[in-house]
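Heads up: the structure comes next, in structure tokens.
Heavy atoms only: backbone and side chains are in, while hydrogens, waters and symmetry mates are out.
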Amino acid sequence: MTLKLLPEATYHRVPAAPHVELNVAVAGSGPAVVLLHGFPQTHLMWRHVAADLVADYTVICPDLRGYGASDKPLEDGEETYSKRTMAADVVAAARALGHQRFALAGHDRGALVAIRAGLDHFDAVTHLLSLDVLPTLDMWDILRGADAKVAWHLYLMAQPAGIPESMIEATADAFFASFLDGWTADPDAIPESYREEYLRASRGAVASIVADYRASAGIDVTHDRADRESGRTLEMPVTVMQQDWGAALGFDAAALWGAWAPDLRHMTFDGGHFMAEENPGAVSAALRELMTR
């Protein structure tokens with residue numbers, strides 16, 4: 001690996017599940033904060049936020065199962081890449097590193113894993129920061145009609161195994177670059193070396209990335225619906241930062257989130273999707289404020 005999260009970061013292969021190890025960068029000291037990356041990225045997306053936090057916290061940045069340099073098990077059932085399974089990976093890895101309780105922040109796919117970790121492992125997650133997603137059940141509910149075209153990739157990768165993988169592999173760099181370029185308000189936020197690393201890592205993980213998305217159209221919805229019906233919510237303080245999706249798609253994002261998180265601070269972010277790289281100061285400040293609640 002030529003790029004590091006921080007110069008002082010140490011890297012570990014951490015057992016997370018039977019036959020699955022995560023690539024994890026660790027830096028700093030103090031209370032633990034686990035940062036989960038999004039699509040189509042790796043743990044490196046947190047480099048600016050981590051640089052701010054290491055003075056006061058132990059920062060733990062894994063590559064999720066199926067991404068980056070972490071293991072990519074074959075999808076042999078709908079649970080292989082469920083957010084429940086991926087969340088259990090994260091909790092197990094943090095505990096293997098000596099942290100029974102920790103704050104958790106996630107962006108994009110990592111935020112969906114963080115939400116599931118907060119629901120399933122409320123004894124481990126002390127605080128939760130979510131960047132630019134809606135919970136899975138709500139996301140599918142608000143995507144309808146012509147407006148759903150903004151999420152075309154969700155529908156592509158929700159299809160049965162075979163065709164999505166073949167289509168993406170045939171044009172992998174163009175496919176993944178379309179998101180890195182199209183979702184970024186500041187084109188300089190992702191330097192070329194990091195952009196190339198994200199593309200390299202993603203083109204080597206097409207099958208597992210598709211499996212992650214496929215789970216979000218299936219088993220993850222089932223898990224969310226069971227929680228909704230039982231009244232289960234996030235018990236820890238939650239901060240949400242997201243673009244103003246509601247204005248574009250006609251829904252109240254804060255109200256949707258409020259049903260999941262009684263102790264909620266909801267912030268509308270003016271910028272692109274990759275906010276930890278486009279405005280890391282705002283993300284760090286939000287996370288630090290969250291940790292005081």
Side-chain angles (χ1 to χ4, degrees), residues 16 22 24 30-39 43 45-46 49-50 52-53 56-62 64-65 82-95 97 99-139 216 220 223-224 226-228 230-243 245 253-269 273 275-276 280 282-293:
L22 302 187
V24 185
V33 180
V34 179
L35 308 177
L36 305 179
H37 66 86
F39 161 91
H43 72 283
M45 62 153 282
W46 291 107
V49 174
D52 176 78
L53 296 178
D56 303 295
Y57 299 99
T58 299
V59 178
I60 301 170
C61 293
L64 295 168
R65 167 191 294 236
S82 74
K83 303 305 130 343
R84 173 158 286 162
T85 296
M86 297 171 79
D89 285 348
V90 171
V91 173
R95 288 177 169 167
L97 290 167
H99 302 281
Q100 297 299 310
R101 288 170 57 77
F102 49 88
L104 187 55
H107 172 254
D108 190 85
R109 310 305 294 171
L112 299 179
V113 176
I115 294 164
R116 178 46 56 191
L119 290 166
D120 288 357
H121 303 277
F122 53 85
D123 57 329
V125 180
T126 62
H127 302 79
L128 194 153
L129 173 67
S130 171
L131 302 184
D132 217 30
V133 298
L134 288 173
T136 299
L137 184 62
D138 297 313
M139 176 189 68
S216 285
D220 294 343
H223 292 157
D224 274 15
D227 287 337
R228 173 64 55 80
S230 70
R232 192 181 192 187
T233 59
L234 295 161
E235 298 185 9
M236 66 291 300
V238 175
T239 294
V240 172
M241 299 176 69
Q242 61 189 133
Q243 299 175 88
W245 295 7
L256 293 177
W257 265 103
W260 291 100
D263 185 356
L264 173 70
R265 183 182 180 197
H266 187 276
M267 306 165 62
T268 299
F269 180 83
H273 176 63
M275 52 189 67
V283 174
S284 296
L287 185 51
R288 287 181 173 278
E289 187 278 333
L290 171 65
M291 297 285 283
T292 68
R293 286 162 49 195

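In this structure, the separation between NE2 on H223 and CG on L137 is 12.5 Å, given to the nearest 0.5 Å. One finds the CG atom of L35 at 6.5 Å from the CG atom of L53 (value rounded to the nearest 0.5 Å). Expressed to the nearest 0.5 Å, how far CZ of F39 lies from CE of M45 amounts to 13.5 Å. A distance of 9.5 Å separates CG of D123 from CD of E235, quoted to the nearest 0.5 Å. Atom CZ of R232 and atom CZ of F122 lie 7.0 Å apart (nearest 0.5 Å). Once rounded to the nearest 0.5 Å, the distance linking CZ of R288 with NE2 of H127 reads 13.5 Å.
The residue from I115, V34, L129, V91 that alone fulfils the side-chain contact (heavy atoms from CB on, under 4.5 Å) condition with L104 is V34. Results of the salt bridge (Lys or Arg N to Asp or Glu O under 4.0 Å) test with K83 over D224, D220, D227, D120 single out D220 as the only residue that passes.
R293 places a side-chain N or O within donor-acceptor distance of the main-chain N or O of V238, the cut-off being under 3.5 Å. Between the side chain of T58 and the backbone N or O of G30, at least one donor-acceptor pair lies under 3.5 Å. Checked by atom type and distance alone, the side chain of H107 never pairs as donor or acceptor with a backbone atom of M275 at under 3.5 Å.
For R101, the salt bridge (charged side-chain N to carboxylate O under 4.0 Å, His left out) test picks out no residue, with sequence neighbours left out. By the salt bridge (charged side-chain N to carboxylate O under 4.0 Å, His left out) test, D132 is found to be paired with no residue, residues two or more places apart in sequence or in another chain being considered.
Shortest non-hydrogen contact noted between M236 and V125 is CE-O, 3.4 Å. Of all heavy-atom pairs between A286 and M267, the closest is CB-SD, 4.2 Å. The shortest heavy-atom contact between G258 and L264 is N-CD2, 3.7 Å. Across Q242 and V240, no two heavy atoms sit closer than the pair OE1-CG1, 3.5 Å. Between P62 and L22, the closest heavy-atom pair is CB-CD1, 4.3 Å. In terms of heavy atoms, A50 sits closest to V59 at CB-CG1, 3.9 Å.
Side-chain contact between M139 and V133: absent, with no pair of heavy atoms (C-beta onward) separated by less than 4.5 Å. Looking only at side-chain heavy atoms (C-beta outward), V33 and M291 come within less than 4.5 Å of each other. At least one side-chain heavy atom of L64 sits under 4.5 Å from a side-chain heavy atom of L36. Contact annotation: the side chain of R265 never approaches that of L290 to less than 4.5 Å [non-hydrogen atoms, C-beta and beyond]. Residues D52 and V49 form no side-chain contact, since every pair of their non-hydrogen atoms from C-beta on lies 4.5 Å or further apart. Side-chain contact between W257 and L234 is present, with heavy atoms from C-beta onward closer than 4.5 Å.
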Intermediate values then yes/no, side-chain contact (heavy atoms from CB on, under 4.5 Å), T239 and L287: CA-CA 8 Å; T239 294; L287 185 51; over 6 Å; no
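With no hydrogens or angles considered, no side-chain donor-acceptor pair links R116 and T136 at under 3.5 Å.
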